[in-house]
There are 2 protein chains.
Amino acid sequence: MSAVLKTEKPTREHILDAATRLMHVSGYRGTSLDDVLRESGVGKGNFYYYFKSKEELGYAILDRLVRGFVERTLEPSFADPSLPPLDRIHRFLDGVLETQRQRNCVGGCPMGNLASELSDVHEGFRRRLAEIFMRWGERLTEAVREAQSDGSLAPACDAGRLAQFLVASLEGAILMSKVTKEIQVMETCVCELKAHLTHYATGAPASINPGLGRARTPGFAAGTGPAQSVGGAIGRVGAEPPSEL
Amino acid sequence: MSAVLKTEKPTREHILDAATRLMHVSGYRGTSLDDVLRESGVGKGNFYYYFKSKEELGYAILDRLVRGFVERTLEPSFADPSLPPLDRIHRFLDGVLETQRQRNCVGGCPMGNLASELSDVHEGFRRRLAEIFMRWGERLTEAVREAQSDGSLAPACDAGRLAQFLVASLEGAILMSKVTKEIQVMETCVCELKAHLTHYATGAPASINPGLGRARTPGFAAGTGPAQSVGGAIGRVGAEPPSEL
DNA sequence: GGATATGTACCGACTGGTTGGTACAGGACC
DNA sequence: GGTCCTGTACCAACCAGTCGGTACATATCC
């Protein structure tokens with residue numbers, strides 16, 4: 001023991017880690033306090049010392065989640081000065097895709113999940129989530145504007161609306177690859193979104209979608225069976241969660 | 001009373017109606033059996049006469065939901081011979097948008113909600129949902145192909161991938177307008193999707209997004225507050241549910 | 001420096017209520 | 001009288017949240 005490093009890892013952080021992991025897979029309602037306590041090894045009384053309710057735990061998770069997302073995914077892409085503005089957007093899209101690939105399509109977007117689960121049932125969560133998505137959209141808008149003043153995107157295009165569309169489509173893409181458990185769905189969507197951006201490029205005559213993708217992915221072709229879930233991937237997330245979203 | 005019309009409305013249907021309504025807003029886990037029983041006025045023993053478990057009730061809801069969606073939204077759009085193929089796709093997109101508008105952005109897509117809530121937690125639901133989205137995508141693929149052979153969409157474009165993208169983006173758009181409670185978000189996305197299709201048109205030089213929308217909607221512009229929820233819209237769905245999705 | 005007090009961190013039993021599900025008795029209709 | 005329905009009483013498991021109490025390090029006072 002001794003006083004070598006007193007702050008080994010504060011209990012509050014332990015709770016947040018466990019709860020974030022569990023709720024990412026099972027949702028807010030699907031995760032009981034007892035689950036969180038068991039997973040984190042913290043007693044009940046201790047939990048209520050740090051959080052006054054499950055609701056407040058949820059808020060704390062959301063706060064930490066969005067901070068991690070901004071720091072680890074959003075800003076590293078958009079604030080990279082070595083990349084041309086349009087490439088920064090591409091890198092962002094690829095980043096989100098890679099996160100889903102690393103997770104084997106398990107969990108989806110934690111913010112999107114909470115939005116789906118709680119928006120119509122808990123106004124406090126709804127408001128916070130709406131604000132999170134708005135901020136995300138605003139940051140993307142900025143990135144689009146940079147690409148416009150750089151000349152790689154047409155200035156006539158409404159940056160805010162395009163950004164809104166990108167956010168929504170990404171969320172949908174994550175959800176669809178979560179339900180099909182096929183990363184190919186997300187690959188297709190990201191590729192299609194890049195094509196959409198390209199179409200707004202200043203002088204581009206527009207390329208056509210199959211040419212942009214990797215290795216000719218299937219899409220909805222013949223009536224082959226769906227899913228064939230990745231062996232035991234359900235509920236298993238590689239040890240340390242790679243990163244948020 | 002009397003035998004005028006014996007099948008006034010079978011109990012099973014009553015249960016399904018109530019459960020569908022409740023789960024659309026509160027989700028699968030957020031809706032208890034007691035809620036369903038209270039809402040439908042059916043006793044517990046009676047419920048378990050028709051359904052052997054809550055899970056089976058969920059499956060039944062899903063079956064009815066997808067049937068309704070195909071009959072009331074998908075086919076009326078895609079099977080309309082009076083419309084040129086590309087317009088059929090537009091009409092479908094508009095239909096989904098209108099449904100959300102009528103619902104005041106409450107509920108979102110019931111299939112999308114279940115997918116988000118259960119995909120990583122219940123393999124049976126996940127498989128069924130994946131198949132539903134696949135069938136939906138296949139029907140859209142067909143529609144895209146018709147537009148291709150008609151000449152209004154470029155034949156080089158991969159119909160399956162485009163359809164997959166449309167489904168995912170629509171789901172994302174519904175989710176985002178559910179969380180922001182602003183139909184404008186969905187309007188923007190639908191408009192952007194139409195533009196995306198236009199870009200794949202055979203000879204089109206591509207129009208730019210603001211020109212396609214209605215009345216110049218805001219997007220992510222200044223840092224104005226979000227949401228400002230529609231007066232009392234939360235949880236309120238206009239008497240009879242207008243239609244599914 | 002020793003007794004007293006205070007604040008932080010923690011524990012696990014307990015409460016009242018809800019959950020999905022069962023058992024079973026009685027009614028309606030043929 | 002038997003099959004098809006239906007209402008009610010009941011169950012164990014689980015839920016979020018409360019409670020009384022403990023351990024301990026640091027301050028306060030004499």
Side-chain angles (χ1 to χ4, degrees), chain A residues 1-23 25-62 114 117-118 121-125 235, chain B residues 1-23 25-62 114 117-118 121-125 235:
Chain A
M1 311 308 151
S2 81
V4 173
L5 201 63
K6 195 235 197 91
T7 43
E8 198 189 313
K9 191 159 196 180
T11 305
R12 202 188 125 94
E13 219 60 22
H14 260 194
I15 298 172
L16 279 173
D17 284 345
T20 304
R21 225 178 308 130
L22 291 173
M23 287 192 186
V25 175
S26 303
Y28 180 79
R29 278 197 256 240
T31 304
S32 75
L33 245 23
D34 285 340
D35 290 337
V36 175
L37 269 23
R38 210 175 305 120
E39 179 90 355
S40 61
V42 170
K44 196 151 230 187
N46 201 8
F47 172 86
Y48 278 99
Y49 175 76
Y50 289 104
F51 301 94
K52 77 174 223 281
S53 65
K54 188 187 181 185
E55 187 185 9
E56 215 196 45
L57 168 67
Y59 287 154
I61 288 175
L62 216 45
L114 288 175
E117 186 181 358
L118 300 174
V121 125
H122 192 301
E123 177 65 10
F125 274 104
Chain B
M1 332 316 161
S2 80
V4 173
L5 202 63
K6 195 239 195 89
T7 41
E8 197 189 315
K9 193 159 197 182
T11 306
R12 201 188 126 96
E13 219 60 20
H14 259 202
I15 297 172
L16 278 174
D17 283 345
T20 304
R21 225 177 308 130
L22 291 172
M23 287 191 186
V25 175
S26 302
Y28 180 79
R29 276 197 259 243
T31 304
S32 73
L33 244 22
D34 283 343
D35 291 337
V36 175
L37 267 24
R38 210 174 307 121
E39 179 90 357
S40 61
V42 170
K44 199 154 226 186
N46 202 5
F47 172 87
Y48 278 99
Y49 175 76
Y50 290 104
F51 301 94
K52 76 175 225 279
S53 65
K54 187 187 182 186
E55 187 186 8
E56 215 197 44
L57 168 66
Y59 287 154
I61 289 175
L62 217 45
L114 289 174
E117 186 180 357
L118 300 174
V121 124
H122 192 300
E123 176 66 9
F125 275 103

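Within every chain, numbering begins at 1; the chains are lettered A, B, ... in the order of the sequence lines, protein sequences first and strands thereafter.
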Is the shortest side-chain N/O distance from A/Ser32 to OP1 or OP2 of D/dC14 below 4.0 Å? no
d(A/Tyr48 OH, A/Glu56 CD) to nearest 0.5 Å is 11.0 Å
Does B/Lys54 qualify as a cation-pi partner of B/Tyr28, given the criterion of NZ or CZ under 6.0 Å from the six-membered ring centre and within 45 degrees of its axis? yes
With the side chain defined as heavy atoms from C-beta on, B/Asn46 is closest, among C/dC11, D/dC5, D/dA16, to D/dC5
Can you check the B/Lys44 NZ to D/dC11 P distance for me, whole Å? 14 Å
Which whole-number value in Å describes the distance from A/Lys52 NZ to D/dT18 C1'? 15 Å
From CG of B/Asp35 over to C1' of C/dG20, roughly how many Å is that when rounded to an integer? 12 Å
Please report the distance, rounded to the nearest Å, between CG in B/Leu33 and P in C/dG17. 21 Å
Under 4.0 angstrom, heavy atoms only, what part of the nucleic acid is A/Tyr50 near: base, sugar-phosphate, or nothing? sugar-phosphate
Rounded to the nearest 0.5 Å, how far does OG1 of B/Thr31 lie from CZ of B/Arg21? 11.5 Å
Check whether any side-chain heavy atom of B/Leu57 sits under 4.5 Å from a side-chain heavy atom of B/Leu16, and report yes or no. yes
Which nucleotide, C/dC10, C/dG20, C/dT19, lies nearest any side-chain atom of A/Thr11? C/dC10
Let me know, please, whether A/Gly30 or A/Gly45 comes out on the 5' side of the other along DNA chain D by nearest nucleotide. A/Gly30
Can you tell me how far P of D/dG7 sits from CZ of B/Arg38, to the nearest Å? 16 Å
Output the single nucleotide from C/dC10, D/dT18, D/dC15 whose closest atom is nearest the side chain of A/Tyr48. D/dT18
Here the distance between atom P of C/dC14 and atom CZ of A/Phe47, to the nearest Å, is 22 Å
Could you tell me how far apart B/Leu37 (CG) and C/dT19 (P) are, to the nearest whole angstrom? 11 Å
Between B/Tyr49 and D/dT6, is there a side-chain N or O to OP1/OP2 distance below 4.0 Å? no
